[in-house]
Amino acid sequence: MILKALYDYYNRCNNLPASGMEEKEIGFVIVISKEGNFVRFEDCRIDNKQARTYLVKKHVGRSSAVVANYLYDNSAYVLGYAENEKAKKDVDNQTKKRSDKENACLEAFKEKVLSIYKIYPESNDLAAISKFYQQSKEEILSCVSQDNLWEDIKKNLSKKYSTFSFRIDGDLKIVAEKKELLQLPVGGINLS
């Protein structure tokens with residue numbers, strides 16, 4: 001009875017995200033060309049505490065497991081880079097652990113992008129992101145670190161809005177919010 005009432009209430013509220021979706025703050029957008037080359041960062045922060053929200057696939061729950069989100073995530077996953085104050089203090093001991101974790105996160109995100117691309121092989125957006133990830137982590141970080149926003153981004157990686165997604169240069173929407181890529185396959189690969 002209570003579940004039925006909640007179900008009915010949810011269906012009456014037109015402004016709620018659809019099941020499996022959420023409004024997510026994404027503070028930084030990585031703009032890439034159709035060829036997969038880094039163009040620039042876009043700052044989507046509204047102020048020091050919040051960023052623009054996008055309707056995206058619901059985030060995965062993780063505590064310490066390495067699991068990537070659907071076409072958006074934090075810098076460790078999207079760029080293989082995480083600034084960690086604790087690691088700075090004990091550089092020798094923590095650097096290798098941190099590097100291994102960052103590499104595992106980046107690989108998980110790359111695998112997620114490739115699994116989505118296999119489902120949507122006609123998507124030019126996913127083709128561009130796949131090309132972007134054909135570069136090594138070092139090449140990616142070398143490109144993005146040339147951007148004027150990079151130093152500011154590094155200072156804000158601990159903020160809740162420090163989430164990254166992609167936009168193809170010339171497009172208006174980020175890839176993570178494009179409806180044609182959010183249609184989950186029936187009985188297909190689990191993309192959560």
**Prompt:** Any side-chain heavy atom of L79 sitting closer than 4.5 Å to one from L106?
**Reply:** no
**Message:** Ring-plane angle category for F41 and W150, please: parallel below 30°, perpendicular beyond 60°, tilted otherwise.
**Reply:** parallel
**Message:** Please report the interatomic distance CZ(R40) to CZ(R167), rounded to the nearest 0.5 Å.
**Reply:** 5.5 Å
**Asked** Between L181 and V175, what is the shortest heavy-atom contact and its length?
**Response** CD1-CG1, 3.6 Å
**Request:** Locate the shortest heavy-atom distance separating I26 from A51; write the atom from each residue and the value.
**Result:** O-CB, 3.8 Å
**Closest non-hydrogen atom pair, N48 against Y161** = O-CE2, 3.4 Å
**Fill in**
Distance col, row I153:CD1 vs S162:OG, nearest 0.5 angstrom, shows 8.5 Å
**Complete:** Nearest heavy-atom contact between V66 and Y77 is CA-OH, 3.4 Å
**Complete:** Rounded to the nearest 0.5 angstrom, the CG-CD distance for D125 and E122 is 10.5 Å
**Prompt:** Are E177 and I174 close enough that some pair of their side-chain heavy atoms sits under 4.5 Å apart?
**Reply:** yes
**Complete:** Here the pair of heavy atoms bringing E22 nearest to H59 is OE2-N, 2.6 Å
**Request:** Measure the OG-NZ distance between S64 and K101 for me, rounded to the nearest 0.5 Å.
**Result:** 6.0 Å
**Asked** Hey, are the side chains of I140 and Y133 touching, using non-hydrogen atoms and a 4.5 Å cut-off?
**Response** yes
**Request:** Establish whether F38 and V113 are linked, either directly or via other cluster members, by ILVMFWY side-chain heavy-atom contacts under 4.5 Å.
**Result:** yes
**Asked** Do other residues, nucleotides or ligands put more than 12 heavy atoms under 6.0 Å from the CG atom of D47?
**Response** yes
**Main-chain N/O of K57 paired with Y72 side-chain donor or acceptor, under 3.5 Å** = yes
**Asked** Are the side chain of S123 and the backbone of Y120 linked by a donor-acceptor contact shorter than 3.5 Å?
**Response** no
**Message:** Under 4.5 Å between side-chain heavy atoms, counting indirect links through other Ile/Leu/Val/Met/Phe/Trp/Tyr residues: same cluster for I168 and I116 or not?
**Reply:** yes
**Message:** Could you check whether F166 and F132 have their ring centres less than 6.0 Å apart?
**Reply:** yes
**Item:** Check ion pair D152-R45 (N to O, under 4.0 angstrom)
**Value:** yes
**Item:** hydrophobic_cluster_shared for V39 and I30, side chain cutoff 4.5 Å
**Value:** no
**Message:** For a 4.5 angstrom cut-off between non-hydrogen side-chain atoms, does S75 reach F28?
**Reply:** no
**Request:** State, yes or no, whether a side-chain contact exists between K24 and S165 at a heavy-atom distance under 4.5 Å.
**Result:** no
**Request:** Consider only side-chain heavy atoms of I, L, V, M, F, W and Y, link residues closer than 4.5 Å, and tell whether F109 and L157 are in one cluster.
**Result:** yes
**Asked** Between C44 and Y54, is a side-chain contact (heavy atoms from CB on, under 4.5 Å) present by the stated rule, with each step listed?
**Response** CA-CA 10 Å; C44 299; Y54 296 88; 3.4 Å; yes
**Prompt:** Can you check whether V78's main-chain N or O pairs, donor with acceptor, with D73's side chain at less than 3.5 Å?
**Reply:** no
**Item:** Flag side-chain contact, heavy atom, 4.5 Å: L114 against L126
**Value:** no
**Message:** So that I can tick it off, tell me whether D171 and K178 are bridged by a salt bridge, with the cut-off set at under 4.0 angstrom between side-chain N and carboxylate O.
**Reply:** yes
**Message:** Show the nearest heavy-atom pair for residues K154 and Y81, with the distance to one decimal.
**Reply:** CD-OH, 3.5 Å
**Message:** How long is the straight-line distance from OG of S130 back to NZ of K118, given to the nearest 0.5 Å?
**Reply:** 10.0 Å
**Prompt:** In terms of side-chain geometry, is the basic nitrogen of E139 or K137 positioned less than 4.0 Å from the acidic oxygen of its partner?
**Reply:** no
**Message:** Using the rule side-chain contact (heavy atoms from CB on, under 4.5 Å), only one of V31, I32, N37 pairs with D169; which is it?
**Reply:** V31
**Prompt:** Under 4.0 Å between a Lys/Arg side-chain N and an Asp/Glu carboxylate O for E25 and R52?
**Reply:** no
**Prompt:** Are V29 and V56 connected in a single hydrophobic cluster, I mean Ile/Leu/Val/Met/Phe/Trp/Tyr linked by side-chain heavy atoms less than 4.5 Å apart?
**Reply:** yes
